[in-house]
Amino acid sequence: MDEEHHYDLVVVGGGPAGSSAAFAAAKNGIKVALLEKENSIAETVRTSGVTWIKNIKEFGIPDDCFNPIKNFSFCSPNNEVMISDSVPRAAVLDVRKSYRWLAQQAKESGADIFLKVNVNNVIKNEEGDIVGVRGIGPNGKITFHSKVVIDASGFPSTVCKAMGFVSQWKRFGAGAEYEVKAENVKSDTWWLMVGQQYSPAGYAWIFPLGNNIVRIGVGVGKPESDVDPTQRLKELMDSKVGPIKKLGKLTPIEFHYGLIPNDGLSRDTVFNNLILVGDSAGQANPLVLEGIRYAIKFGRVAGKVASEAIKSGKTDKDALKPYEENWRKAIESKINSAGKVQDRWIGLSDEEWDKELDIIKELNSEEFIDFIKAEFGLSNMVKLATHHPKLAVRQLFNLVKGKK
């Protein structure tokens, strides 16, 4: 006999967006199911875990879940820039520990977590609106009925694809990395490596986790390049180019591979009884293709809006619209501006990258973080234009503001 469950809200995907949505909704007093297809939360790691300490503190993530970063090194084929700060502003997450902490928050707030549930279909009412999901659980076929579904399934966008609302992302980043033990590590310093030898449409990285463990990776933009990031990563580690050489002997611990959307904010994210959040909504910063902070922040907004709608008895698109209004107001213009810079970066030759680093080194650490985070607010722009009358910097930020 098929297993059947009834909930107010079903959240598909146990990543940071899904756990955050389940947490906020359960905390608001409704009955929530959080569905994860793997054997445990964060069983497979698909991200390098870069985020920002300001956001970590806002979310309440414990100190033992991340490694703080205060030095930012960039290198191109013939140039190298280091921006240093007195206090850490960035962080590299222990992804497993962080995601499991988020899921535990949801559980403690009253959400029921179902593991090994692979959602493969949707349930629709007579009007064609979603009213639940179906899949395969540990004991066979399983069905979840609900008033609202949140699609936090990540890059595959399982639920909204099954509804026929979206197709596959056209532009995306493919990233491969090894977590390794290294001989020589500066635990408070990350490296970003740009230029053709590292990635023809993207960048390579070294992100330290503490205890002499680092993540070495390569990200490649698709369809701009047909380079396989796994193969390029192997070549870089074998030849020990650039700052990888400084790490000394490397002992691989674990391999990670992931995809992240890079189509901008091109999707509607609310439909009748349905919300998209995190990677399924395309909420990613195009400059370094990170989106964990968006996943947590807007996951919580999605859970709150969904729970309020369920309590009111109205769960149509209009009732869920405050969620989309919230995230668009917060990040839409910033992501669009960051997309312009990314478009410029993708086309740069090695020589042009050498010059681009000369622009970046003009920034102080706070300005650099605002830039790389895609915090292109008007006040930041005015401040930068005032502090940096130099032509190259003005050119870059005129580009962000859409001027020629």
Side-chain angles (χ1 to χ4, degrees), residues 16-17 46-52 55 72 74 76 90 154-155 157 166 168-177 190 192-195 198-205 207 217-225 227 229 258-269 276-298 327-348 352-353 356-357 359-360 363 367-377 380-381 384 395-403:
R46 298 184 178 86
T47 172
S48 55
V50 163
T51 193
W52 316 99
N55 301 111
F72 310 95
F74 261 85
S76 60
F155 187 87
S157 317
V166 299
Q168 185 56 277
W169 297 104
K170 291 183 177 66
R171 284 185 82 194
F172 57 95
E177 74 173 9
W190 83 14
L192 295 179
M193 299 163 273
V194 292
Y198 296 111
S199 174
Y203 64 97
W205 61 83
F207 295 143
V218 173
V220 178
K222 304 291 181 181
E224 288 82 5
S225 170
V227 164
L259 304 172
I260 186 167
N262 190 24
D263 260 348
L265 301 170
S266 56
R267 288 182 174 175
D268 289 334
T269 58
L276 280 57
V277 68
D279 282 358
S280 69
Q283 291 163 340
N285 165 14
L287 283 188
V288 285
L289 285 178
E290 49 92 17
I292 293 172
R293 60 193 162 116
Y294 296 151
I296 299 172
K297 180 175 181 177
F298 300 123
W327 73 252
R328 285 198 185 276
K329 183 179 179 184
I331 64 168
E332 185 169 36
S333 66
K334 294 173 183 177
I335 298 299
N336 289 343
S337 294
K340 294 174 190 172
V341 177
Q342 189 207 40
D343 288 344
R344 167 196 174 113
W345 279 358
I346 279 176
L348 293 183
E352 287 167 330
W353 263 122
E356 197 79 359
L357 262 56
I359 297 176
I360 290 168
L363 309 178
E367 291 165 343
F368 170 75
I369 290 291
D370 280 347
F371 174 58
I372 214 78
K373 277 180 76 175
E375 292 294 328
F376 296 117
N380 289 357
M381 290 292 115
L384 276 157
Q395 281 176 337
L396 183 61
F397 289 97
N398 281 341
L399 175 79
V400 167
K401 300 310 288 180
K403 299 173 187 170

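Just so you know, these numbers come straight off a predicted model, no measurement behind them.
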Over all atoms of both residues, closest heavy-atom pair of [X] and [Y]:
X: Arg328; Y: Arg267; answer: NH2-O, 3.2 Å
X: Trp205; Y: Ala176; answer: CZ2-O, 4.1 Å
X: Ala90; Y: Phe72; answer: CB-CE2, 3.6 Å
X: Leu287; Y: Ile372; answer: CB-O, 4.0 Å
X: Val227; Y: Pro200; answer: CG2-CG, 3.6 Å
X: Gly282; Y: Pro261; answer: CA-CG, 3.9 Å

Nearest 0.5 Å, please: how far is [atom2] in [Y] from [atom1] in [X]?
X: Gln342; Y: Asn285; atom1: CD; atom2: CG; value: 9.0 Å
X: Ile346; Y: Arg171; atom1: CD1; atom2: CZ; value: 4.5 Å
X: Asp370; Y: Leu363; atom1: CG; atom2: CG; value: 9.5 Å
X: Asp268; Y: Leu276; atom1: CG; atom2: CG; value: 9.0 Å
X: Leu192; Y: Ser199; atom1: CG; atom2: OG; value: 12.0 Å
X: Ile260; Y: Glu290; atom1: CD1; atom2: CD; value: 7.5 Å

- prompt: Relative to each other, are the rings of Trp169 and Phe155 parallel, tilted or perpendicular (30° and 60° limits)?
  reply: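 The arrangement is tilted - the two ring planes meet at 30° to 60°.
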
Answer whether the closest heavy-atom distance between the side chains of [X] and [Y] falls below 4.5 Å.
X: Trp190; Y: Val50; value: yes
X: Val341; Y: Phe371; value: yes
X: Thr47; Y: Ile292; value: yes
X: Gln283; Y: Lys297; value: no
X: Ile335; Y: Tyr294; value: yes
X: Leu259; Y: Lys222; value: no
X: Glu352; Y: Trp345; value: no
X: Val277; Y: Trp327; value: no

Within the side chain of [X], is there an N or O that forms a donor-acceptor pair under 3.5 Å with the backbone of [Y]?
X: Glu224; Y: Ala201; answer: no
X: Ser225; Y: Gly221; answer: no
X: Asp263; Y: Lys170; answer: yes

message: Could you walk me through whether Phe298 and Ile331 satisfy the side chain to side chain contact (heavy atoms under 4.5 Å, CB included) test, starting with their C-alpha distance in whole Å, then the side-chain angles of each, then the deciding distance to 0.1 Å, before giving a yes or no?
response: CA-CA 11 Å; Phe298 300 123; Ile331 64 168; 3.7 Å; yes

task: Could you check Phe368, Trp353, Tyr203 and say which one makes a ring-ring contact (aromatic ring centres under 6.0 Å, His included) with Phe74?
output: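 The single option meeting the ring-ring contact (aromatic ring centres under 6.0 Å, His included) with Phe74 is Phe368.
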
